[in-house]
Amino acid sequence: MSLDTADASAASPAAASTEDTFAGISLRRLAWRRLKRDKGAMIAMGVLILVFVTALLAPLIVSVLGLSPYDFDNSALDPALGSLPAGSWGGVSADHPLGVEPLTGRDLLARLLYGARVSMFIALTAVTLIAIIGTVVGIVAGYKSGWVDTIIGRSTDLLLAFPFILMLIALSPVLTQRLEALGLSPENARIIYLVIVFAFFGWPYLARLIRGQVLSLREREFVEAAVASGAPTRRILFKEILPNLWAPIIVYVTISLPTLIAAEAALSYLGVGVIEPTPSWGKMLADSVRYFAVVPTYLFIPGTALFVVVYAFNVFGDAVRDALDPRTGRNLR
Amino acid sequence: MTGYVIRRLLTGILILVLLSMVTFLLFNALPTDPAALTCGKSCTPQVIEANRVRLGLDLPLWQQYLEFVKGLFLGRTYGSGSQTFTCDAPALGYSFRRGECVTPLILGVLPVTIYLAVGAFILWMISGVLLGIYAALRRGRWQEKATLGAALVGYSFPSFFIGLLLLFFVVIKWQLLPYPDYVPPQDDPVQFLQTMILPWITLALVFAAFYIRLTRNQMLETLGEDYIRTARAKGLPERTVIRKHGLRAGLTPIVTAAGLDLAGLLGGAIIVESVFTLPGLGRLAINSVLDADLPVITGTVLVAGFFIVVANIIVDLLYAVIDPRVRLT
Amino acid sequence: MTVPFLRVEDLSVSFPTEDGVVTAVDGVSFTVERGKTLAIVGESGSGKSVTSQALMGLVNKRNARVEGQAWVGDNELISATDDELRKLRGSVMSMIFQDPFASLHPFYRIGAQLAEAARVHRDLSKADARQEVLTMLGKVGIPNPERRIDDYPHQLSGGMRQRVMIAMALINGPSLLIADEPTTALDVTVQAQIMELLDELQDQYNTAIILITHDLGVVADVADEVAVMYAGRLVERGTLEDIFYSPQMPYTVGLLSSVPRLDAVSDRLTPIAGQPPSLIRLPAGCVFQPRCAAAHLVPDDRCAHERPDLLSVSSTHAVRCLLDLEARERFAAESLAAVVGGTEEQHERIPPSRAQDLVKHFPITKGAIRKKTVGTVSAVNSVNLGVSAGETLGLVGESGCGKSTAGRTLLKLLEPTAGKVFYDGRDITGLSRKDMVPLRRELQMIFQDPYSSLNPRHTVGGIISAPYEVQGIEPVGGVKRAVQETMERVGLNPEHYNRYPNEFSGGQRQRIGIARAVTLRPKVVVCDEPVSALDVSIQAQVINLLQDLQDEFGIAYIFVAHDLSVVRQMSHRVAVMYLGSIVEITDRHSLYASPLHPYTHALMSAVPVPDPRLEATRERIVLQGDLPSPINLPSGCVFHTRCFRAQEKCRHDIPQLLEFAPGHQVACHFPIVESLGHDLILGPDSGIVELEAPEVQPPSEVIADVESAGSSRPEGIDYAADPNFSEGEW
Amino acid sequence: MGKAYKNGLRLAAVASVGALALAACGGGSTSSDASGSAAAAGVTEGTKGGTINALTLSEQWQHVDPQRMYTGVDIAFFTGYTTRTLTQYKYAPGAEGTTIVPDMATDLGTASADAKTWSFTIRDGVSFQDGTPVTCEDIKYGVSRTFATDIITDGPAYAISYLDIPKLEDGTSEYKGPFLAEGSIVAGFDKAVTCSEDNKTITFKLNRPVGDFNYAVTLPAFSPVPKAADTGEKYDDNYVATGPYKIQEYTKGQKMVLVRNENWDPASDDYHLAYPDQIVVSFAIDAAAIDQRLIADAGEDKTAVMVGQLQPENLATIFGTDDPRFKDRSVDGYDPYVRYTVINTQKVPNLKQRIAIAVAINRAEVIAARGGDFAGDIADGVIKPNLAADYAPSGMWTDMFGQAVPDTGDPEFAKKLIAESGEPMPELTYQFPQNPVDEKIAASYQAALAKAGITVKLEPIEPSQYYGIVFDPEKAQALIRSGWAPDWQNASTVIPELFGKTGGFNLGLVDDPAFEAKVQEAAAMTDRAAQGKAWQALNKEAMQNAWVVPTVFGKAQFLWGSNVGNAFLWDPYGSMPYGALFVKSA
């Protein structure tokens with residue numbers, strides 16, 4: 001589009017040189033140092049670590065507490081109330097610290113902990129796939145202009161033209177049955193399905209982002225320097241360019257994670273997400289909304305958990321972005 | 001410019017064609033026999049076979065696809081003998097589950113979705129952009145922190161959760177509004193507003209949060225540009241600097257996001273329509289998925305895709321109008 | 001004595017940051033009178049821009065503390081309210097900025113932006129404002145103002161944009177104009193246009209000008225008074241004569257001696273050692289002390305402990321230095337004496353690397369799916385170059401002339417569209433990327449931007465050792481040792497092996513880039529504007545380093561730069577490029593002493609020399625207009641559109657590169673042979689008409705390597721070709 | 001044969017619990033001398049005027065086309081308002097509601113001695129909504145449409161199975177309906193259904209004695225369609241009314257508005273009460289919303305009725321306390337359903353293993369998951385106590401298997417049985433329609449059977465595809481969730497259907513010749529008391545074979561607006577008596 005800026009870089013060094021005066025440290029340590037200074041981010045990180053650890057150790061915690069996410073407990077229900085939890089606060093008791101699920105009497109704390117595992121697993125796996133596919137495709141498209149870029153560009157256009165949520169829902173019966181045909185159990189098939197479609201429809205965004213970054217990175221002189229020293233393409237892509245993409249990738253990942261957790265919940269709400277007996281926060285929330293008026297705690301427990309984690313991710317993600325963005329904070333102006 | 005528009009339209013059409021092909025293929029990969037779905041309970045293999053022929057489901061897939069495309073332009077006639085009926089062009093197919101042509105079915109629910117999307121769009125654009133600017137202008141002060149903090153909270157609530165909370169508090173607990181029960185605005189404007197206000201707020205809350213952040217970042221970036229300094233150096237009042245020089249440049253990227261978000265919603269705000277049981281495109285879509293109503297699924301996906309493709313083109317053109325540097329070639 | 005129009009007293013600006021308080025401007029005082037120009041000189045970070053922005057009220061007071069006093073006429077600026085300042089801005093005082101690309105609003109037509117500036121301060125009707133804008137555009141030399149007024153900024157060239165900026169600044173006839181590096185982003189020919197324009201307009205409006213610049217040549221050209229800033233302080237202040245002919249502050253002396261000069265050659269520049277200090281952790285004593293070559297002359301280490309005051313030397317001259325007057329003057333005289341003098345040496349070696357008929361075109365493509373070529377950028381057209389071991393070939397020209405492209409094509413970083421590239425006698429044109437790998441060891445490159453040329457995610461060690469890794473070379477003693485040796489050689493602390501580039505200053509980074517390029521002891525290094533991003537003092541350090549390395553390792557440099565002074569300092573031979581073609585090529589002495597091509601001539605006359613007296617007497621040829629687009633090259637001689645000697649012939653016939661004097665080739669129908677004096681062997685005004693039986697070699701053998709060509713013709717003269725004869729084969 | 005489960009499942013899928021549709025199977029004693037003028041005897045006299053609002057989760061009615069209509073609520077609704085049938089069930093609570101009264105016919109029909117020929121005479125003044133009188137030919141045409149099974153889908157097939165028309169080799173009728181231009185053999189149909197000279201009396205010739213054929217004609221499938229207005233597939237949208245109301249607006253997914261049909265002559269109709277001026281159906285309302293609106297009982301919702309059932313989470317609010325707000329506008333009673341789980345005999349041929357499954361299931365959890373006390377009672381067979389004559393406790397959970405089986409299941413007993421079975425227990429798959437309640441029951445099954453060492457895989461199925469899959473022997477798995485309501489007040493519509501070789505609902509693929517013989521024998525019995533004993537025995541035998549595991553004898557709960565009169569649980573369709581509803585103060 002513009003030729004006129006091609007040579008503009010020839011003589012405007014002044015902007016960059018203000019950083020000269022700072023004896024710096026590595027970018028990673030710098031980012032970390034900035035991150036550490038952000039109290040909100042540290043709290044958010046604490047929350048997230050706590051959630052991860054409890055999710056990871058859920059079986060242990062649950063068995064120590066003598067709970068089970070799957071066992072029905074009719075004794076905690078009141079048949080005369082249509083199987084609502086017996087007692088106040090949604091059936092809170094010594095046996096069930098957070099109360100029980102109506103109709104089944106399953107323990108809410110145990111399900112919350114196990115649900116975290118499922119929600120986190122889906123979000124983390126999907127985001128990993130997105131990061132890998134999006135990065136590789138983005139790098140290739142950005143570095144290899146020409147028909148490779150054109151084809152990748154058109155494919156992402158096509159994918160982005162798909163109404164995402166609609167496709168997620170519409171494809172669910174088709175794909176889960178295919179997955180089950182491969183021998184997966186239905187509950188696992190749903191989880192894998194969610195991971196696959198999240199990844200499938202999620203990577204184009206990252207690929208575009210990465211492609212844009214690569215387009216500008218490959219004009220950077222250090223890439224030319226690598227070419228000038230005879231480095232093969234592979235080395236240029238993965239040793240020279242890739243390390244410079246960590247910041248956008250990390251930022252994208254931290255933005256995507258809460259979105260994916262919320263998306264899993266929304267799909268479960270719509271009835272195409274995780275299925276019984278697997279607990280997930282979305283599933284719990286979907287079930288609980290109907291009990292809002294009669295058992296409010298049932299709604300608030302998974303709702304609060306979901307909100308806190310998504311919020312923590314968002315706070316943390318913002319902080320990471322700020323920390324990784326060289327433009328924020330440390331300029332003289 | 002004209003050449004660009006034509007080329008963009010052609011690419012858009014290409015994408016729609018690909019979209020329709022992929023959709024068609026994907027959904028015909030359903031394990032259920034579409035012909036079997038047309039004949040109800042008292043079904044015999046003979047009836048299924050007869051219906052298969054009647055619906056053209058016996059043809060190879062590519063031929064079915066061609067029939068579908070033909071139907072888009074020429075309309076489509078189903079059935080045989082005395083019991084034929086026609087879906088007028090542009091025919092997206094015929095739903096045997098609902099006994100209706102898909103196009104009028106979609107057109108029937110589209111207004112609801114349009115009202116929902118446009119109303120929410122206006123709400124969130126106004127609130128999001130204004131608050132975003134506000135935050136940008138109060139950079140580093142508590143007002144910015146408060147605005148952004150609130151935005152982050154809004155951003156962190158899943159939309160269905162916000163919707164349900166609103167529904168339960170506003171409608172059930174406090175009974176400030178009657179239960180949402182959609183009527184077209186021309187029938188009963190008051191009830192229409194009563195029904196739409198919560199869905200609008202729900203969507204607006206979710207999106208406004210995003211737009212506050214986006215606008216603030218864009219504004220800060222723009223306000224750091226050299227030409228803003230030039231405008232100040234000219235002695236322009238701060239108000240003019242921000243309104244005339246800052247806003248226009250700062251808001252340009254927001255056009256892209258806004259256009260695509262609106263298009264996405266026009267393709268069906270599935271979650272909000274479900275929460276508030278609005279009879280819109282999204283609800284139609286999810287119901288047809290649960291019904292395995294293939295023609296309707298294909299139709300809604302295509303219509304939603306159409307909105308996205310068109311929005312992309314419009315956004316690009318708009319961009320060229322706003323930013324004279326963008327040359328459409 | 002009248003009260004000066006602008007008075008600044010004890011101005012300080014400080015910013016609190018995460019790392020501490022940055023005092024960007026510390027107690028600066030100066031005055032400027034109407035019609036006079038004060039130049040504020042200093043390296044980046046010296047506080048000169050912040051000073052000007054503080055005066056304009058453009059420093060955000062929420063982020064910064066501004067103290068002191070400043071009067072424009074009767075208006076005190078520092079204590080003024082935002083609104084009072086706003087009313088002064090654009091009317092009484094106005095400002096132009098460095099980057100004309102970013103300083104105009106991209107969305108509004110220039111006419112509207114100008115009119116806005118006028119109407120905000122004056123009650124003008126739209127029509128009147130437009131009329132005024134048209135007049136103003138005419139005054140700043142925009143051709144066809146009626147047509148241009150409705151252009152958007154992006155439709156204008158950089159020079160035109162800067163003219164628009166000037167028009168905007170002057171539209172309300174301000175009494176004070178602050179020009180912040182107004183020509184830094186522009187080519188030297190355009191810089192000359194702009195400086196001339198400012199000069200004219202100053203006379204017209206009787207404006208006081210504060211010119212902020214790092215270019216001492218520009219200062220010598222236009223300033224009346226000079227203020228030198230260092231680390232936020234004014235370290236010396238005086239008239240032009242004071243500063244250039246009796247500089248007192250060792251820093252000023254250092255600046256003057258470290259600038260490569262167009263008008264003089266020295267074997268070696270005298271750089272200022274070290275780096276500018278961090279504004280957060282300033283030295284306790286004189287801020288310049290750590291770098292000061294004269295600090296040891298002051299007894300008791302006072303410089304390290306005592307902050308000197310700005311003391312008057314004469315009524316016009318003040319300096320901040322603890323050295324006594326006599327010592328200062330002695331120091332200055334000694335330092336500056338080294339600037340002039342130097343020898344020309346001849347290199348007669350076989351060129352290891354050369355290009356023949358090199359053509360590089362970039363297709364302009366269109367279409368999303370099926371790319372079709374709709375045009376071609378002719379970056380390089382039939383260029384012949386060669387460089388010998390131990391020799392530096394300078395390649396100069398304005399931005400966009402194809403010099404970088406030529407350099408890169410020579411290294412096969414770009415694939416030539418036509419022509420051949422030879423290395424070590426071997427045609428390497430068709431070699432694949434893989435086949436090139438072993439050659440890469442001997443062909444290296446040094447890049448312009450020390451920020452972009454180092455991968456920020458790699459350690460210094462990783463960056464410098466990359467060539468070893470790629471080439472699979474395991475030096476004796478290990479890679480790390482070899483790298484550390486190189487680091488030491490280029491002046492880096494080997495202990496910084498594991499640090500990241502962002503921990504280094506621009507100059508140090510450029511050393512890292514140089515270390516990477518030379519660590520494998522290459523034979524040929526293309527240096528692409530290696531010092532243009534550096535401050536003057538650092539620039540000199542790097543130039544010296546490059547020269548030392550050449551002497552030590554016998555490297556051949558192809559030195560691409562736009563700065564003729566730097567090229568002169570560095571090069572043995574110089575090729576001048578214009579729009580993808582070499583218009584003149586010869587040894588530096590001949591070129592600078594007697595440029596034959598009108599373009600070279602104009603280029604050199606456009607470069608301001610840091611010598612006010614010389615500047616005052618120099619005749620200047622200001623080229624008109626901008627560089628034509630390389631997409632549609634002018635017919636005939638590509639330079640004819642801007643050439644002051646162009647005639648009808650130039651429109652049609654493409655001039656060939658011919659040898660007009662020994663080793664001096666020029667592509668021009670009407671070269672400035674007047675300057676050639678006794679070497680001239682051609683007819684006085686024809687350029688190409690009379691020939692002595694030329695020994696025409698087959699074109700494929702004619703390379704632009706003067707030495708080798710010269711050596712084959714012992715007479716060392718007399719070579720020119722008949723264009724009719726050779727046309728079509730060149 | 002009526003199952004009409006589809007609608008319920010689909011609704012359930014979207015958000016709600018359980019099935020609410022009910023089979024189009026009436027029942028009760030035949031009293032052909034019932035007086036036509038007694039139509040309103042079972043209900044209070046109402047006031048005219050006002051609007052009744054019906055709220056439903058469904059996007060649309062399953063069908064409006066009378067020949068395709070087969071869902072309980074649909075029939076209850078349309079026969080109450082727009083569609084006249086020859087006979088119809090009386091509007092009355094309790095057992096009285098299952099008696100039939102004449103509607104379009106002058107009486108309850110005249111049967112020949114062998115009950116193979118039935119005649120009905122149309123009353124004077126019966127007309128379509130355009131004023132054209134309804135004739136015998138219109139009814140005959142309507143009945144003929146049933147045979148066009150490719151277009152007239154989903155409807156009951158009584159006409160096809162009862163009418164005396166020759167069958168083709170593949171078992172289908174030789175007559176293929178009125179839509180085929182050629183190739184259909186009309187003669188047989190014309191012989192089986194005849195009209196009198198005055199076109200007022202219609203006579204059906206049946207291929208077997210059907211003593212209660214006048215119950216069958218309560219189905220709209222036997223109602224008239226004007227040939228000229230028949231648009232085949234599209235008649236679902238362009239229905240021509242005969243009742244006191246006609247369709248003014250029908251926007252699927254939004255609403256239907258019924259207004260008075262000015263060509264309906266009250267003099268010709270003793271059955272319809274036609275109190276309100278207008279009936280508005282709002283579609284696609286969230287089940288929770290319907291409940292909340294009716295609980296709130298505000299504004300227009302005071303005259304609202306629910307088409308579905310109350311959601312379990314709200315039952316405690318309404319019935320748990322003696323809240324006077326709900327006392328007079330709610331009902332909690334038995335529906336016609338028995339819910340059970342089929343054990344596929346092809347997948348689990350070993351009897352001991354089937355019994356092991358039955359005893360391992362935790363029925364208490366199933367009831368709890370269905371809503372505790374409101375779900376119903378623990379079932380011990382497929383015959384429900386409503387079928388008074390045919391029901392007797394089977395003893396399944398007390399001594400049938402040699403020891404009592406607690407409601408919570410007995411995993412140890414199950415393990416013992418598996419050990420005795422001599423074969424390893426196969427891995428089982430449980431198929432169920434995907435909805436919140438069945439999912440939880442599935443989870444309970446999985447857990448309970450796991451305690452007995454039985455591995456169960458879950459296979460949730462999109463509700464719309466559920467029966468399509470489980471009816472396919474290739475796709476049917478070991479355990480299949482199901483439910484059944486009798487078509488008649490006679491277990492002859494239960495045992496043969498569920499366990500007979502040709503039974504229409506033999507999901508377990510039971511193939512037991514000895515049992516089959518006993519079924520045939522019982523079906524042929526004319527002594528109702530003896531027949532009842534026979535069904536009781538067969539029910540017990542089926543349980544002994546553990547072909548199914550009965551879980552719940554179901555209950556239903558409704559709530560309606562405080563300004564609605566004549567609302568109660570109407571037994572024949574397990575729904576509101578729509579035609580009797582009125583607005584108390586309009």
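Remember, predicted model here, so these are calculated numbers, not experimental data. Lettering of chains follows the sequences in order, A, B, ..., and the numbering in each one begins at 1.
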Exercise for review: To the nearest 0.5 angstrom, please state how far the CG atom of C:L58 sits from the CD1 atom of B:I228.
Suggested key: 12.0 Å
Review point. Hey, which of B:R141, B:E238, B:H245 has the most heavy atom pairs under 4.5 Å with chain C?
Key: B:H245
**Study point:** Over 12 foreign heavy atoms within 6.0 Å of CZ, B:F306
**Key:** no
Review point. Out of C:R89, C:E116, C:H121, which one pairs with B:L236 under the side chain to side chain contact (heavy atoms under 4.5 Å, CB included) rule?
Key: C:E116
Exercise for review: Measure the shortest side-chain to side-chain distance between C:H105 and B:K244 over non-hydrogen atoms and say whether it is less than 4.5 angstrom.
Suggested key: no
Review point. Do side-chain atoms of B:T230 reach the backbone of C:S103 as a donor and acceptor pair under 3.5 angstrom?
Key: yes
Review point. Measuring heavy-atom distances to chain B, does C:L104 have an atom under 4.5 Å in its side chain, in its backbone, in both, or in neither?
Key: backbone
**Study point:** Residue C:Y152 versus chain B: region with a heavy atom under 4.5 Å
**Key:** side chain
Check your understanding: Of all heavy-atom pairs between C:F107 and B:A249, which one has the smallest distance, and what is that distance?
Key -> CE2-CA, 3.4 Å
Exercise for review: Count the heavy-atom pairs under 4.5 Å between each of C:P174, C:P106, C:G90 and chain B, then report the option with the highest count.
Suggested key: C:P106
Check your understanding: Looking at C:R86, C:M165, C:M168, which one has more heavy-atom pairs under 4.5 Å with chain B than the rest?
Key -> C:R86
Check your understanding: Can you tell me if CZ on B:R243 sees more than 12 non-hydrogen neighbours from other groups inside 6.0 Å?
Key -> no
Exercise for review: Would you name the heavy atoms of B:P237 and C:V120 that are closest together and state the gap between them?
Suggested key: CD-CG2, 3.7 Å
Check your understanding: Which one of B:R232, B:E225, B:R248 has the most heavy-atom pairs closer than 4.5 Å to chain C?
Key -> B:R248
Check your understanding: Looking at C:M93, C:R109, C:Q113, which makes the most heavy-atom pairs under 4.5 Å with chain B?
Key -> C:Q113
